[in-house]
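Worksheet for the structure shown next.
Quantities reported herein were computed from a predicted structural model and do not represent experimental measurements.
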Amino acid sequence: MTTAREIMTPGTECIGADETVLVAARKMTELGVGALPICGTDNRLKGMLTDRDIVVKVLGAGKDPARTTAGELAQGEAVTIGADDDAGEILRTMTSHKVRRLPVIDGHDLVGIVAQADVARALPDPQVGDLLQALSTD
């Protein structure tokens, strides 16, 4: 069966928990991505920061993106997947947590991201359809 390591996008860059949201937005723009993992000074994953988080929780709330840190937006423990977990586990995790991106962890090290698009390219249509339906409903 297909594993997370086989379908993930490797070489994922983090935004430091102490770096500002403005720096994160610039990094997203440079990398052409809509989300970045938030990593602490201990190099452990603290959460995910999305472009939507920046718009809603910072700009929409009247906060200054040059003074708000990425770590302030980390929400509890990040939902992750193990690098050697199979596609079924990826689908279950994305569906149960209603997330479109999963950081891929090998031990405690971030090794990549599995996005909804990666799943769509790698798995049969019925499984992808079930995932899309689960993520599209409240």
Side-chain angles (χ1 to χ4, degrees):
M1 177 147 253
T2 305
T3 65
R5 189 183 308 276
E6 293 170 317
I7 66 171
M8 71 182 189
T9 301
T12 303
E13 289 193 39
C14 283
I15 188 70
D18 58 349
E19 292 184 273
T20 68
V21 171
L22 183 59
V23 170
R26 288 182 179 147
K27 189 177 255 192
M28 285 180 189
T29 300
E30 290 167 12
L31 297 172
V33 299
L36 290 170
I38 302 169
C39 295
T41 54
D42 59 359
N43 212 25
R44 296 252 176 132
L45 187 65
K46 303 296 182 193
M48 289 290 289
L49 178 66
T50 67
D51 47 9
R52 186 173 194 285
D53 291 333
I54 293 171
V55 171
V56 173
K57 296 175 182 173
V58 179
L59 300 177
K63 294 182 180 178
D64 183 352
R67 295 184 189 270
T68 305
T69 65
E72 290 175 51
L73 301 180
Q75 300 175 345
E77 192 171 327
V79 177
T80 63
I81 193 83
D84 297 317
D85 287 347
D86 66 29
E89 185 63 25
I90 294 167
L91 290 170
R92 282 188 295 278
T93 303
M94 284 184 155
T95 302
S96 67
H97 293 279
K98 293 197 178 257
V99 294
R100 299 175 194 280
R101 300 169 190 93
L102 281 174
V104 181
I105 304 295
D106 190 357
H108 291 294
D109 298 326
L110 177 68
V111 294
I113 296 276
V114 172
Q116 182 177 327
D118 299 320
V119 173
R121 282 190 293 272
L123 299 180
D125 288 344
Q127 288 179 306
V128 173
D130 291 345
L131 175 63
L132 293 175
Q133 181 178 8
L135 294 178
S136 299
T137 58
D138 285 334

Might you work through the side chain to side chain contact (heavy atoms under 4.5 Å, CB included) test for L45 and I38, ending with a clear yes or no?
-> CA-CA 6 Å; L45 187 65; I38 302 169; 5.8 Å; no

When you look at C14 and L36, which way does the side chain to side chain contact (heavy atoms under 4.5 Å, CB included) test go after all the steps?
-> CA-CA 6 Å; C14 283; L36 290 170; over 6 Å; no

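- Scanning all heavy atoms of the two residues, the minimum distance from A4 to I90 falls at CA-CD1, 3.7 Å.
- Side-chain atoms of E19 come within 3.5 Å of backbone atoms of G16 as a donor-acceptor pair (strictly under, hydrogens ignored).
- At a threshold of 4.5 Å between non-hydrogen side-chain atoms, the residues T80 and V104 do not count as touching.
- The shortest side-chain heavy-atom distance between I15 and V23 falls under the 4.5 Å cut-off.
- Listed by chain and number, the residues in a salt bridge (charged side-chain N to carboxylate O under 4.0 Å, His left out) with D84 are R5 (sequence neighbours excluded).
- K46 places no side-chain N or O within 3.5 Å of a backbone atom of P37 that could act as its donor or acceptor partner.
- Using a 4.5 Å heavy-atom cutoff, the side chains of E13 and K27 are in contact.
- The shortest side-chain heavy-atom distance between P65 and L59 falls under the 4.5 Å cut-off.
- With respect to V114, the side chain to side chain contact (heavy atoms under 4.5 Å, CB included) criterion is satisfied by exactly one of E6, R101, M8: M8.
- Cluster membership for V99 and L73, using ILVMFWY side-chain heavy atoms within less than 4.5 angstrom, is not shared.
- Using a 4.5 Å heavy-atom cutoff, the side chains of R67 and T20 are not in contact.
- Counting only distance, with no hydrogens or angles, the side chain of E72 and the backbone of T69 share a donor-acceptor pair below 3.5 Å.
- Distance check, rounded to the nearest 0.5 Å: CD1 of I81 to NE2 of H97 gives 9.0 Å.
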Test I113 against L102 for side chain to side chain contact (heavy atoms under 4.5 Å, CB included), laying out the working first.
-> CA-CA 6 Å; I113 296 276; L102 281 174; over 6 Å; no

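- Both V119 and V111 are members of a single hydrophobic cluster when ILVMFWY side chains are connected at heavy-atom separations under 4.5 Å.
- Between atom CD of residue Q116 and atom CG of residue D118 there is a gap of 10.0 Å, rounded to the nearest 0.5 Å.
- Linking ILVMFWY residues whenever their side-chain heavy atoms come closer than 4.5 Å, directly or via other members, leaves V56 and M48 in distinct clusters.
- When atom types are taken as modelled, the side chain of D64 and the backbone of A66 share a donor-acceptor pair closer than 3.5 angstrom.
- Between the CG atom in L91 and the CG atom in D85 there is a gap of 12.0 Å [rounded to 0.5 Å].
- The backbone N or O of E89 sits less than 3.5 Å from a side-chain atom of D86, completing a donor-acceptor pair.
- Within the 4.5 Å cutoff, the side chain of R44 has no heavy atoms near those of the C39 side chain.
- The heavy-atom pair separating A78 from G47 by the smallest distance is CB-CA, 3.8 Å.
- The hydrophobic cluster containing I7 does not contain I105, counting ILVMFWY residues as joined when their side-chain heavy atoms lie under 4.5 angstrom apart, directly or transitively.
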M28 and L49: CA distance, side-chain angles, deciding distance, side chain to side chain contact (heavy atoms under 4.5 Å, CB included) verdict = CA-CA 10 Å; M28 285 180 189; L49 178 66; 4.1 Å; yes

